[in-house]
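As structure tokens, the structure follows; a few thoughts come after it.
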Amino acid sequence: MTPFEYSSPASLNEALGLLGSSWSDAVVLAGGTDLISLMKDGVFSTKRVVNVKDIKDLGGIHKTGHGLRIGSTVTFDELASSPLVRGEYPSLHEAALGIASPQIRNMGTVGGDLCQRPRCWYYRGGYGLFAMKDGKSLVPNGENKYHAIFGGGPAYFVSASSLGPALVALGATIKLASSSGSRTVEAAKFFVTPSDENGREIDLKPNELVTEILVPSASGVKNATYEIRQREAIDWPLATASVALHMKGSSVAKASIVLGHVAPTPWEASQAAAGLAGKTISEDTASQAAEAAVSGAQPLSQNGYKVQLAKVAVKRALLAAAGKAHTAHHA
Amino acid sequence: MPDTTTPNYHWPPMADRRVIGKSHSRLDGIQKASGAAKYNSDIKPAGMLFGAILTCPHAHARVTSIDTSEAEKIPGVTAVRVIMGPGKEVQWGGAEVASVSATSEEAANDAVKAIKVEYEELPFLVREDDISKAGNRAKAAGEQVTGDPDKAFQEAAYTHEGDYGIPVITHCCLESHGNVVAWEGDKLSLWPSTQNVSGIGGDLGRAINVSAANIHVHQDHIGGGFGSKFPADLWGVEAAELSKQSGGKPVKIFLDRKTELLIAGNRPSAFGHIKVAADKDGKITAWESKTWSTGGLAGGGLSADLFPYVYRKVPNRRINHTAISTNTGSARAWRAPNHEQVSYLTCSAIEDLAAKMKMDPLEVFLKNADLTMREEAYTSQLKKAAELADWKKNWHQRGDSGSGAVKRGLGIGVGTWGGAGHASQCQATIHPDGSVEVELGSQDLGTGTRTIIAMVAAETLGLPVSAINVKIGDSTYPPSGASGGSTTVGGVSSSTRKATVNALDKLFAAVAPSLGTTPDKLEAVDRRIVVKGDTSKSLTWEAACRKLGTNKISESGENNPRTAPREGLNTGGVAGVQIADVSVDTETGLVKMNRLIAVHDCGLIINPKTAESQIFGACIMSVCSALFEERVADQQIGRVLNPDMEFYKLAGIMDIGEIIVHLDISPENDKRGVIGLGEPPAIPGDAAIGNAVANAIGVRVPQLPLTADRVLAALASKGGNA
Ligand SMILES: Cc1cc2nc3c(=O)[nH]c(=O)nc-3n(C[C@H](O)[C@H](O)[C@H](O)COP(=O)(O)OP(=O)(O)OC[C@H]3O[C@@H](n4cnc5c(N)ncnc54)[C@H](O)[C@@H]3O)c2cc1C
Ligand code: SF4
């Protein structure tokens with residue numbers, strides 16, 4: 001690890017003042033479960049690390065007039081054990097519970113989850129975000145069984161965030177602050193596919209930090225997350241689906257279906273969701289939506305199976321949201 | 001006529017045993033569970049320096065220049081050594097190029113990063129799964145033919161042909177490889193992580209030109225070895241040299257996880273095309289295997305002579321094997337080397353043949369038991385395992401697993417192993433105050449060796465286990481063999497038995513006069529020395545020992561593998577049968593372990609509890625390798641992509657399912673003496689789990705690990721769901 005300056009401000013303003021115009025000047029540290037490994041592996045280095053976990057304003061989960069406000073330094077464990085989350089947002093609850101191990105759930109934060117870097121083994125091995133060697137991506141002819149089936153490159157990594165799909169499906173917004181003010185971005189727009197290797201997978205500037213996440217009320221919105229991972233625990237999902245169903249009686253008024261770990265961003269299956277309008281959720285309608293959700297997939301040489309997994313995740317998430325079989329949990 | 005010159009070393013009859021054969025918790029269990037046990041990777045002798053190794057990022061390269069000047073300037077750095085100088089060829093990624101020592105771990109790591117090496121990259125091969133791409137790196141071993149396989153295949157009622165494969169996997173020792181080394185004058189202290197306390201000093205000594213007598217090895221505990229921790233290794237040599245260059249200060253080098261997974265050993269792969277035939281009754285008549293594998297640069301890998309596995313006496317056989325040399329870290333013994341792979345390929349082909357015949361594979365395995373070397377053992381173990389699995393009720397024809405996405409299946413795997421005791425010397429000392437020490441230059445790999453030694457001594461001396469002070473893990477104790485090949489329990493139990501019998505005879509001789517009898521009339525029971533048949537005449541253990549005055553009794557005992565078979569204390573040759581019970585979600589391709597049933601014999605069992613623990617651990621390793629483990633290498637860049645515990649996956653507690661152990665304890669097995677059990681239970685699981693998945697989903701998933709992609713591909717190949 002290259003030496004760096006460490007600061008631990010107690011106020012948001014102080015923290016913002018310590019950030020710089022590039023990440024090589026300064027970077028935010030939350031739980032450190034991702035940042036420290038990137039720095040130890042020499043994939044990332046910076047001059048200053050700004051710990052934000054001591055800033056009181058960035059913590060806490062509470063109800064607002066419109067829904068829920070989740071501070072960016074809330075840990076996965078706090079999120080998963082919050083009755084406010086479990087009751088109204090099973091989708092978010094399940095997504096948080098599925099992350100890694102109790103140790104990581106105790107340390108890792110919501111803000112860190114949204115801002116963590118991809119786990120692509122070429123990226124982590126020092127080949128850059130686009131896994132380039134001699135001007136060519138290593139992914140299409142390489143070991144791509146964990147890579148994206150949507151997006152079509154040159155970014156083949158998958159968005160690592162498990163909370164992302166749930167937040168996008170629930171229509172959450174993300175609040176960012178910098179020393180020149182604050183702004184709010186829809187979760188769906190926060191995640192971006194970078195156009196160049198030095199880009200970031202999120203709409204975040206070096207001088208900004210995530211302060212809170214606002215999730216609209218989900219009363220009457222049936223929601224669920226279904227994760228498929230190889231191991232029962234401490235494993236990355238191979239595919240996930242988060243769904244939110246705005247109901248009108250027993251039929252769907254408006255649906256949202258978001259796939260996770262299959263594209264460089266949480267992947268919205270808008271057409272599949274639109275197709276559910278006016279329908280009730282059954283094995284048949286769920287299967288049709290699942291089929292539609294993966295219709296544009298462009299699998300690589302080794303990850304065709306993820307198309308099937310994404311499909312199953314959508315079907316099972318829909319059935320779980322509708323309260324029909326498959327409790328919203330990984331297989 | 002009883003032989004009065006040689007003492008009677010025989011194990012007491014089953015019915016008379018007070019200590020051995022009864023479960024005893026391991027002596028160091030609490031220490032380990034509470035963290036009090038110190039592993040050598042935990043120790044920090046005063047003034048200890050931190051060593052670090054610069055490794056090569058390329059699969060194959062020549063060093064053209066190496067510049068250590070910046071590294072030497074880093075504050076705290078005490079020594080920098082070049083291992084691969086200009087002109088030297090590096091043959092695999094992760095190979096050691098230079099080493100440094102420094103006063104802090106950070107300085108050592110910074111120094112490693114500051115070393116500038118230029119390489120000329122050379123052509124490489126890092127994958128062997130597709131033999132057609134191996135070119136001249138493939139070396140065929142020549143064909144072995146027995147009987148007339150062509151004729152037998154022609155005449156066979158049923159023939160099955162199939163492709164199978166197991167990738168390279170690693171040992172994943174929780175404590176990585178490494179050591180702490182320090183000089184005191186011309187003497188060296190070595191605190192390694194080793195399976196070879198008595199022998200590692202000599203190994204290091206040869207490399208650095210120091211006599212083994214001048215190297216003192218200490219090791220109380222080891223965090224896993226599984227066959228990968230015998231030699232002193234380059235990190236031992238480097239630590240010694242760095243220490244020397246740093247005024248003899250202790251230097252610690254333990255590999256980081258990445259380097260551990262790259263260069264500290266692995267289990268060779270095995271791929272192959274198998275053909276097997278049977279007559280109309282299911283009797284196996286012919287076998288043909290064309291296999292290949294890699295064990296790293298040396299090629300090697302697999303002993304194809306083991307085909308067909310366990311069912312050795314198939315009359316007509318043709319065996320071909322090709323070793324593929326790859327630019328990857330070298331293979332090392334992996335808990336029953338060769339056997340898992342050969343078991344997997346053999347048992348898979350046999351169950352596929354049974355499926356083709358629409359025969360119950362249990363019947364096929366039973367019917368052919370006369371083709372094994374231990375017909376009765378396999379017959380009874382197959383039946384026992386089937387009974388525990390409720391085979392009759394739960395087995396169904398392949399793929400005949402009802403509606404619903406989740407299918408259940410059962411499958412069988414078999415194994416065999418040697419496990420006779422290694423050379424071992426023990427010194428047993430009885431002190432006048434009644435305390436007892438037994439000393440052996442052995443090691444406890446976590447298998448319970450310490451406990452077993454104490455139990456044997458306690459049994460012989462009529463004392464409780466707690467009265468025995470076991471001293472192992474130090475090279476100044478009498479030499480005992482390396483712990484490999486499941487040879488430790490046989491070796492140390494026999495030498496301890498002999499040493500303690502000898503010591504007790506001396507004690508009998510010392511106290512017989514005061515009990516008014518002769519030594520041959522005495523026995524040691526319940527902390528007393530008693531006149532046989534006359535319990536009124538006895539001395540407490542302490543009173544008896546006081547008769548020694550100021551002299552202690554110190555006697556040795558030895559297990560010599562050459563004479564051991566005659567003596568009958570230990571022997572080799574075990575069988576094992578496992579049945580896996582799995583559920584497969586045919587929509588996701590995820591395999592879930594329900595149960596793994598393991599039936600094993602291992603002769604006389606000294607401590608059933610630790611024996612069962614060995615089987616539990618081995619079964620867990622099988623679940624890992626059958627379902628999750630694989631080394632993933634990219635031929636474009638010559639790198640292993642998953643040298644970490646994130647994408648090199650091992651089972652977690654929730655993935656393991658229920659493990660049901662049955663130890664085949666019987667008077668017949670007991671009579672054979674002690675036999676090792678460390679390795680045999682690691683063998684059949686891969687095959688059993690693979691077969692269970694095939695049974696569940698109706699189609700063979702040819703290659704391990706049975707991950708979602710492979711299971712779904714197999715399902716797709718037979719046209720959709722099971
Ligand atoms: C074995 C393992 C398995 C895992 N499995 C999963 C999984 O299944 N699903 C999943 O989603 N994750 C998984 N993770 C990743 C884990 O969720 C992340 O490491 C964690 O979310 C990061 O949070 P943190 O608070 O530790 O962030 P840090 O490591 O402190 O930071 C991560 C990044 O986010 C930035 N950052 C943090 N907070 C803010 C903020 N408030 N504003 C702006 N930038 C910020 C940092 O600068 C850094 O770039 C796994 C990790 C491991 C090690
Ligand atoms: S084994 Fe892993 S999870 Fe368990 S304590 Fe050690 S580091 Fe933590």
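First the proteins, then the strands, lettered A, B, ... as listed; each starts at 1. Any value given below was found using the heavy atoms of this structure, including those in side chains, with hydrogens, waters and symmetry copies removed. The structure displayed is predicted, hence computed values, not measured ones.
No donor-acceptor pair closer than 3.5 Å links the side chain of A:R231 to the backbone N or O of B:K649. B:Q636 places a side-chain N or O within 3.5 Å of a backbone atom of A:L138 that can act as its donor or acceptor partner. Using modelled atom types, no side-chain atom of B:D709 and backbone atom of A:Y305 make a donor-acceptor pair closer than 3.5 Å.
With a 4.5 angstrom heavy-atom cutoff, B:N109 does not touch chain A via any of its atoms. At a 4.5 Å heavy-atom cutoff, A:R124 makes no contact with chain B through either its backbone or its side chain. B:A713 does not touch chain A: none of its heavy atoms, backbone or side chain, sits under 4.5 Å away. If you measure heavy-atom distances from A:I234 to chain B, you find no contacts under 4.5 Å at all. If you measure heavy-atom distances from A:D235 to chain B, the contacts under 4.5 Å come from the side chain alone. Contacts of B:K113 with chain A are made by side-chain atoms alone, with heavy-atom separations under 4.5 Å and no backbone atom involved. If you measure heavy-atom distances from B:L712 to chain A, the contacts under 4.5 Å come from the side chain alone. For B:I656, no part lies under 4.5 angstrom from a heavy atom of chain A.
Minimum heavy-atom separation, A:Q230 to B:F628: O-CE2, 3.7 Å. In terms of heavy-atom proximity, B:T588 sits nearest to A:V312 at CG2-CG1, 3.7 Å. Of all non-hydrogen atoms in A:E232 and B:D655, the two that sit nearest each other are N-OD1, 2.7 Å.
A donor-acceptor pair shorter than 3.5 Å can be found between the side chains of A:W236 and B:E646.
The existence of a salt bridge linking A:R316 and B:D585 is confirmed by a sub-4.0 Å separation between a basic side-chain nitrogen and an acidic carboxylate oxygen.
No more than 12 heavy atoms of other residues, nucleotides or ligands lie within 6.0 Å of NZ in B:K258, so this atom counts as exposed by the packing criterion.
Taking CG of B:N642 as the start and CH2 of A:W121 as the end, the distance is 5.5 Å to the nearest 0.5 Å.
Chain A forms the most heavy-atom pairs under 4.5 Å with one residue out of B:I653, B:T707, B:D644, and that residue is B:T707.
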Pair A:K133-B:D634, salt bridge (Lys or Arg N to Asp or Glu O under 4.0 Å): steps then yes or no: CA-CA 13 Å; A:K133 185 170 188 238; B:D634 185 324; over 6 Å; no
Audit row: B:R639, A:E143, salt bridge (Lys or Arg N to Asp or Glu O under 4.0 Å) steps and yes/no: CA-CA 11 Å; B:R639 289 224 200 160; A:E143 298 305 310; over 6 Å; no
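Screening A:Q308, A:K311, A:K315 against B:E587 for a side-chain hydrogen bond (donor to acceptor under 3.5 Å, both in side chains) leaves a single residue, A:K315.
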